[in-house]
Amino acid sequence: CFDTSAIVFPLLFVIYYFLIPSRFVVLMTAIFGLTIVQVCSVGGIIFGWGGLYLLLKSSGVYAELCPLEESSCDERELRLSNLFVLGSSASVIAIVIGAPLMDLIGPKIIGVLGNVFFVLGIGLLASVESTWIVDLFPLAITLQGLGSGMSYIAVLNNSMLFKHAG
């Protein structure tokens, strides 16, 4: 009679130690995946300006600045372009301010603070109208830029998890 344990046990050993990833590998993969989701979620101003610009333009933001027969004019384009400059500058300023703060209070708090700023900016952007007395679009875009910059600087520490130990 043929002994199957001579084949089954080495096969189980190979499957367990080489094919099923360890908890460490699963954890690192999960952290890497969450980092990618985080970066893609808060990249609205710099990475997503083309789509945001089209959305703002089709929603009629600053359309009251143009004559009735024109859908686009120089004043409107200038205001929309200024929003991009304001948001991208706020993102860079947040990185410059967030890096030393991260050394003091840690990347978790900076990441959470960045996400709070970003969500506040998105909420304000969704509720504001350009016909209001006070123009709140610059504030909304600034909050988004601050949030994205702080979130980017917070996830840079995740690269330390993947350094080669050898």
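- Surrounding CG of Asp74 are at most 12 heavy atoms belonging to other residues, nucleotides or ligands under 6.0 Å away.
- Considering all non-hydrogen atoms of both residues, Thr142 and Pro138 come closest at OG1-O, 2.7 Å.
- Side-chain contact between Met102 and Ile109: absent, with no pair of heavy atoms (C-beta onward) separated by less than 4.5 Å.
- Under a cutoff of 6.0 Å and an axis angle of 45°, Arg76 and Tyr62 do not form a cation-pi pair.
- In terms of modelled atom types and a separation under 3.5 Å, the side chain of Ser89 and the main chain of Leu86 share no donor-acceptor contact.
- Side-chain contact between Asn82 and Leu78 is present, with heavy atoms from C-beta onward closer than 4.5 Å.
- Rounding to the nearest 0.5 Å gives a distance of 10.5 Å between CG of Leu143 and CZ of Phe118.
- Atoms CD1 and CD1, from Ile105 and Ile110 in turn, are 4.0 Å apart once rounded to the nearest 0.5 Å.
- Counting only heavy atoms from C-beta outward, the side chains of Leu156 and Tyr152 never approach each other to under 4.5 Å.
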Going through the checks in order, is the side chain to side chain contact (heavy atoms under 4.5 Å, CB included) test met by Arg79 and Asp135? CA-CA 11 Å; Arg79 289 264 185 110; Asp135 185 16; 4.2 Å; yes
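- Side chains of Phe84 and Leu52 form no contact here, defined as non-hydrogen atoms less than 4.5 Å apart.
- Inter-residue side-chain proximity for Leu101 and Ile97 is flagged as met; some heavy-atom pair is nearer than 4.5 Å.
- Residues Ser151 and Asn115 share a closest heavy-atom pair of OG-OD1, 3.2 Å.
- Residues Leu146 and Ala94 approach most closely at O-CB, 3.4 Å, considering heavy atoms.
- Summarising the geometry, atom CD belonging to Glu75 is positioned 10.0 Å from atom CD belonging to Glu64; distances are rounded to the nearest 0.5 Å.
- For CG of Leu54, the number of neighbouring non-hydrogen atoms (other residues, nucleotides, ligands) closer than 6.0 Å is greater than 12.
- Rounded to the nearest 0.5 angstrom, Met150 CE and Ile93 CD1 are separated by 11.0 Å.
- Atoms CG and CG, on Leu65 and Leu80 in that order, are 9.0 Å from each other to the nearest 0.5 Å.
- Taking each heavy atom of Ser91 and Ser148 in turn, the nearest pair found is OG-OG, 3.5 Å.
- Ser72 is linked by a side-chain contact (heavy atoms from CB on, under 4.5 Å) to Lys57, Glu77, counting only residues two or more places apart in sequence or in another chain.
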Given Val61 and Leu55, is the side chain to side chain contact (heavy atoms under 4.5 Å, CB included) satisfied, shown in steps? CA-CA 9 Å; Val61 175; Leu55 181 71; over 6 Å; no
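- Two residues are said to be in side-chain contact when any heavy atoms from C-beta on lie closer than 4.5 Å; Val128 and Phe137 meet this criterion.
- Linking ILVMFWY residues whenever their side-chain heavy atoms come closer than 4.5 Å, directly or via other members, leaves Ile141 and Val85 in distinct clusters.
- How far OG of Ser127 is from CG of Leu125: 8.0 Å, rounded to the nearest 0.5 Å.
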